[in-house]
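Working notes for the structure below.
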Amino acid sequence: MEKSDNLTTIAVTGLNAIDSPGPGIAVIRALRDGLAKPLRIIGLSYETLEPGIYMHDVVDKTYQIPYPAAGSDALLRRLQYIHEKENLQLIIPNFDAELHNFIKLGPVLQTMGIATFLPTQEQFDVRDKINLFRFGQQQGLTVPKDKIINSIAELNSCEESLGFPLVVKGKFYDAIVAYTMEQAQKAFYKLSAKWGFPIIVQEFIDGTEINIAVLGDGKGNAVSIIPMRKLYITDKGKAWAGITLEDDKLIKVASDFVNATNWKGGCELEIMRTKKDELYIMEINPRFPAWIYLSAAAGQNQPAALAKMAMGEAVPVFTGYEVGKIFIRYSWDHITDIKEFHQVSGMGEL
Amino acid sequence: MKKMLYESPSIQKLNGGMMNKFGTRTEYEPVKQIDGVAVQTMMAQYGSPLFVLSERTIRRNYQNAVRAFKTRYPKVQFAWSYKTNYLNAVCKIFHQEGSWAEVVSGFEYRKAIGNGVPGNKIIFNGPEKTNEELELAVNNGSLIHIDHFDELYQLIILSDQLNKKPRVAIRVNMDTGIYPMWDRFGFNYENGQAFSALSKIVASGKMELIGLHCHIGTFMLSTDAYATAVKKLGDLAWKCKTQLNTSIQYIDLGGGFPSANTLRGSFLPGTDNVPSVDEFAEAITNGLLQLGFGADELPLLILESGRVLIDDAGYLLASVIANKRLSDGRRATILDAGVNLLFTSFWYDHKISPAQDFTQHSEDMVLYGPLCMNIDVIRQSINLPILNRGDKVVVHKVGAYNMTQWMQFIQMRPNVILIDEQGQTHLVRAAENLQYVEQPERMPEHLKPIDL
Amino acid sequence: MYLKKNIATSESGFIFNPSSGDSYNVNPVAAEILQQLKQGTALAAIKENILKDYEVEPMRLEQDLEDFMNQLKEANLLEN
């Protein structure tokens, strides 16, 4: 394998470009668009049928990596093996569940010559839904009120302070809107059985959902902010198509968030705009969204900017982007051979 | 021609969504020795199964914990939690290192006395203390931690009879944001019960109130809860000083620090989500220093850590009895050590390593113990190389609670050995035999003759 | 007992069953056994061959072979 000095090798996760896609393929597309140097893209995959593994004009080579639950030690050993073969300069992880490990390994990876550009564990934790309301209160950000509860009896006090309808949320995933106490109790039992305690009970906010892709420099500046509204969604609630928006209030919410956290890296704010034009931060995803290529298409290539910053280049704050740019997601049946599937399954690389 | 290395033939279906095993092999690197002593040698000498304790690890853990607290706070005392592991050899290591004893029954109390711990360095906790046991503790000047009002009045009566002033603390329970809240032990902080107990103690004039105690829970993964506990106990200490004119000499925060074991159902392995002793020390000592006490009146900080100091110093060595295939096609491996010895396998996914070399092929399997009981499962699902009859395995981090909660059920308990710091092995508890188990039994005369 | 005719075996230890679409990964001893089954070698002869080439006790091999053949049957890879 040629390894010339001007070759940049970047590893990317999230190659699952399926109906509910991971961001990896979009990130790679943006990197290939936005970085001038010859690029070698290394895919890091968890499952053997992540489409990106087989898309050889997008991903040059893929290695399987251990599931996040195997822990940071197992991940490090696998990355050491990959690094020996590929001489990685940068890793861009794209799954929430794997970030804990990559954040933990950040300093070790740096000594190996591999850059990352990730939030600190503290930044990662404050936007966790268990902490979001309290964090928002401290920082003057508008977030829905919530109560963290551990027993069914505490639901009564939620009725007083939050009123109906309210949203009952599991510790990790799932949210159920409840209109009556009975529904709330059912949701409580269902979610606690599935995800354990605590349960988060949140004020119901009605409005229009807006998503914002944000890149923070880690010093309190938002290098890029691109707001988008979904034009149509799939039955799973994922974006089918979306359009870039222009609204200074949205930009301000995002830059306030970056300012309050010193957020480092990419993230996605899920915003709810009420009829009274209040902007609530509903959730913060600690990585690029799957629609991140729209940022590049609109003139602010966030993945490329992240790569440059990670590798020590100064990147000025973007100004201006094309409003009214639309993405429409489509599916494509990629063709491969059983040999490639065997290779990935048996050897762990392709 | 030399014959090739054999391995049982294995076929596994490839699934698109299956867990891949690449990079996860650290889970089962062979562990052939402990502190430089070969696993095979120990098992040849002491049999199988076999508990092994590392004196080096115990001392290192203890010294590390003391360092973590003493570099942050001037007055720190550890008290070894007997129930975690009360093999006398283990207790003696901690006492040699300077640890007091923390006991929760008359049985443990007498063990501590037997181990040479001075009475005034024994902390007597727990909900059950008989009159006789309390009398012993009062006469020895031990630190009695009162659990409920009945015990408080029991002590008032006893102090009259003995004409002595017991040295006491109360156990306090409180809301530290942890669920479930441990409110079954001690007096509640939030509803004022704790302060009422303190007032009664002082008003009685019969006891010397010297400390405050709490133990907020076990296997705590949050350091914040300890900071909250310090704040609330500190508040009580202030009230004792200002309203009851009594200075609290020590604050005992109990134990609860987790080991690096992986709790069942936890997403990340224990090694990745368990805070270090330093992080707990930081939260606790920060809290203490902010209570507002002057440098000369800072209370002594007592810690009753157990698990975090001993868990990773204990190993269980076991042998493979058999392999079988279950009706659903899964492989099952039967070991000679089960839940009778490994009580903690009910709540941990213990890490288990083969003790010999193996090839790269592995399979998901169930690990069973030797008991003729359906619940005897050590791991519901673990990916291990194919183990053959007679192969040895090492179960890690079993030093806490197993050597006290083990059961003499169906099988007898095996040898326990200690590897000293020079790499010498010592038998510290001999395997049980039939005579030992039957020794307390008595046979009614009419049941003696038998004619089959 | 024979391996179904259309089962594809590769040198690197992969088995593909074209009639079900299932793929399997096997270890070297299993690959060897499958190769011989495919050539129509009788089980008794396979056993002899393995004993000759590999470091293994006859009792253990017998147990393993029985287990392995059962797995092949479960996976629907054998001709009845």
Side-chain angles (χ1 to χ4, degrees), chain B residues 1-25 27-28 30 319-335 354 356-368 381 383-392, chain C residues 1 3-4 7-10 12-38 41 43 45-78:
Chain B
M1 196 183 77
K2 198 166 172 271
K3 289 186 178 181
M4 286 180 279
L5 193 69
Y6 176 84
E7 179 187 62
S8 300
S10 138
I11 178 166
Q12 285 182 76
K13 190 166 163 181
L14 301 178
N15 292 320
M18 89 180 167
M19 283 280 270
N20 78 72
K21 58 178 193 285
F22 301 99
T24 58
R25 292 204 41 213
E27 258 297 295
Y28 49 89
S319 308
V320 175
I321 297 170
N323 267 299
K324 59 168 61 174
R325 200 162 289 282
L326 302 174
S327 61
D328 62 1
R330 271 182 312 157
R331 178 178 287 275
T333 299
I334 306 169
L335 302 175
Q356 54 281 311
D357 289 319
F358 46 83
T359 58
Q360 58 165 355
H361 284 268
S362 63
E363 250 185 81
D364 283 328
M365 58 182 81
V366 195
L367 287 186
Y368 291 127
S381 174
N383 192 271
L384 281 176
I386 297 160
L387 297 164
N388 299 310
R389 181 177 161 82
D391 279 355
K392 313 292 185 210
Chain C
M1 268 180 290
L3 204 60
K4 280 187 176 161
I7 304 291
T9 56
S10 81
S12 47
F14 293 102
I15 310 294
F16 176 57
N17 180 352
S19 56
S20 68
D22 287 332
S23 293
Y24 302 87
N25 191 5
V26 296
N27 66 356
V29 177
E32 177 78 43
I33 296 169
L34 285 170
Q35 202 58 44
Q36 298 190 26
L37 278 173
K38 208 177 173 189
T41 316
L43 207 54
I46 294 178
K47 197 173 153 189
E48 284 307 309
N49 293 337
I50 299 284
L51 279 175
K52 202 168 71 209
D53 294 342
Y54 289 88
E55 193 67 59
V56 59
E57 296 295 320
M59 293 257 275
R60 172 157 174 217
L61 179 61
E62 187 171 314
Q63 209 178 330
D64 282 351
L65 265 181
E66 190 163 327
D67 180 43
F68 185 61
M69 294 307 285
N70 271 329
Q71 287 186 76
L72 294 183
K73 209 160 76 188
E74 285 288 315
N76 213 5
L77 294 169
L78 295 180

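Numbered from 1 within each chain, the chains take letters A, B, ... in sequence-line order. We use all heavy atoms of the structure for the numbers below, so side chains are in, but hydrogens, waters and symmetry mates are not.
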Pairwise distance [atom1]([X]) to [atom2]([Y]) - rounded to 0.5 angstrom:
X: B:K13; Y: C:Q71; atom1: NZ; atom2: CD; result: 13.0 Å
X: B:M4; Y: C:D53; atom1: CE; atom2: CG; result: 4.5 Å
X: B:N388; Y: C:D64; atom1: CG; atom2: CG; result: 7.5 Å

How far apart are the closest heavy atoms of [X] and [Y], and which atoms are they?
X: B:K3; Y: C:Y54; result: CD-O, 3.3 Å
X: C:D67; Y: B:R331; result: OD2-NH2, 4.0 Å
X: B:S8; Y: C:N27; result: O-ND2, 2.8 Å

Indicate yes or no: at least one non-hydrogen side-chain atom of B:P9 is less than 4.5 angstrom from one of C:V26. no
Return the option, out of C:E74, C:E32, C:R60, with the maximum number of heavy-atom pairs under 4.5 Å with chain B. C:R60
Which region of C:L77, side chain (C-beta onward) or backbone (N, CA, C, O), has a non-hydrogen atom less than 4.5 Å from a non-hydrogen atom of chain B, or is it both or neither? side chain
Contacting moiety of B:L5, where chain C heavy atoms sit under 4.5 Å: backbone
